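First comes the structure, then the notes that go with it.
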Amino acid sequence: MFNEKEKNNRIETLIGDKCTVIGSIQGEGLMKIDGTIEGDINLQDDIIIDINALCKSNINCKNATINGKVEGNIICENTLTIESYGKVTGNITVKNLVIKEGGILDGKCTMVMSKEPSEILS
């Protein structure tokens, strides 16, 4: 279930499938969630929310791969990928968005650019 990029990164934080965290999480390094989170998540790096995970959270991170369920807003500095079993209920702000067949986004999407179009042309 890991793509090539994730294989090269070491998971530094794992929330297991029988674990529930109530409260905010802040940190850095790759985080993988298999369990339940009820609280905001602020990461300086990437997050993987696996198929059985439930996050009632606002998430702020570099990249996110969602294959579970997220109820909250997501801000990704780079890419948000909603996998085939992923469901996001909330607004997202991203630079790049990938929604695979079967993935669901129920909310508003705001795309941000790293450079203005006039800067790219000059």
Side-chain angles (χ1 to χ4, degrees):
M1 178 162 288
F2 290 94
N3 63 33
E4 275 310 307
K5 181 176 180 256
E6 293 162 351
K7 287 180 187 175
N8 294 329
N9 290 324
R10 192 176 107 222
I11 294 173
E12 295 184 355
T13 305
L14 174 64
I15 308 296
D17 63 345
K18 296 184 184 194
C19 185
T20 298
V21 175
I22 299 174
S24 297
I25 297 174
Q26 184 173 337
E28 55 187 69
L30 178 61
M31 175 183 282
K32 183 172 185 261
I33 299 173
D34 292 324
T36 301
I37 305 285
E38 293 183 24
D40 292 344
I41 301 170
N42 291 299
L43 290 178
Q44 293 179 5
D45 294 301
D46 300 351
I47 188 167
I48 301 166
I49 298 174
D50 216 359
I51 196 163
N52 294 317
L54 169 62
C55 292
K56 295 182 178 183
S57 312
N58 292 317
I59 299 171
N60 190 337
C61 62
K62 195 171 279 184
N63 297 290
T65 301
I66 312 294
N67 208 20
K69 187 174 181 183
V70 175
E71 297 173 1
N73 300 325
I74 300 174
I75 298 173
C76 280
E77 190 177 312
N78 291 318
T79 303
L80 168 64
T81 302
I82 303 174
E83 298 285 348
S84 56
Y85 291 101
K87 180 175 183 183
V88 175
T89 304
N91 298 327
I92 62 170
T93 302
V94 297
K95 185 190 293 183
N96 302 300
L97 175 63
V98 177
I99 302 177
K100 298 203 175 164
E101 185 175 350
I104 297 171
L105 170 62
D106 183 6
K108 178 182 170 186
C109 175
T110 301
M111 302 293 288
V112 294
M113 293 178 54
S114 58
K115 294 184 178 181
E116 292 296 320
S118 60
E119 292 175 334
I120 294 171
L121 297 174
S122 54

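For clarity, every value in this text was computed on a predicted model and none was experimentally measured.
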Separation between [atom1] of [X] and [atom2] of [Y], rounded to the nearest 0.5 Å:
X: I92; Y: L80; atom1: CD1; atom2: CG; result: 5.0 Å
X: I47; Y: I41; atom1: CD1; atom2: CD1; result: 4.0 Å
X: T79; Y: K95; atom1: OG1; atom2: NZ; result: 8.0 Å
X: I74; Y: T89; atom1: CD1; atom2: OG1; result: 9.5 Å
X: I49; Y: T81; atom1: CD1; atom2: OG1; result: 12.0 Å
X: E77; Y: N63; atom1: CD; atom2: CG; result: 8.0 Å

Determine, using the 4.5 Å side-chain heavy-atom cutoff (strictly less than), whether [X] and [Y] are members of one ILVMFWY cluster.
X: I75; Y: L105; answer: no
X: L97; Y: V88; answer: yes
X: M111; Y: I99; answer: yes

If I compare all heavy atoms of [X] with all of [Y], which pair ends up nearest, and what's the gap?
X: E101; Y: S84; answer: O-CB, 3.1 Å
X: I82; Y: G86; answer: CG2-O, 3.6 Å
X: E28; Y: L43; answer: N-CD2, 4.4 Å

Spell out, as yes or no, whether a donor-acceptor pair under 3.5 Å connects the side chain of [X] to the backbone of [Y].
X: N91; Y: K108; value: yes
X: N67; Y: Y85; value: yes
X: D46; Y: L30; value: no
X: N58; Y: N73; value: yes
X: D45; Y: G29; value: yes
X: S57; Y: G39; value: yes

Would you sort out whether T93 and V112 count as a side-chain contact (heavy atoms from CB on, under 4.5 Å), showing the intermediate values? CA-CA 7 Å; T93 302; V112 294; 3.8 Å; yes
So do [Y] and [X] actually touch side chain to side chain, heavy atoms under 4.5 Å?
X: N52; Y: D50; value: no
X: I66; Y: E83; value: no
X: K56; Y: T36; value: no

SB check K87 D106 (cutoff 4.0 Å): no
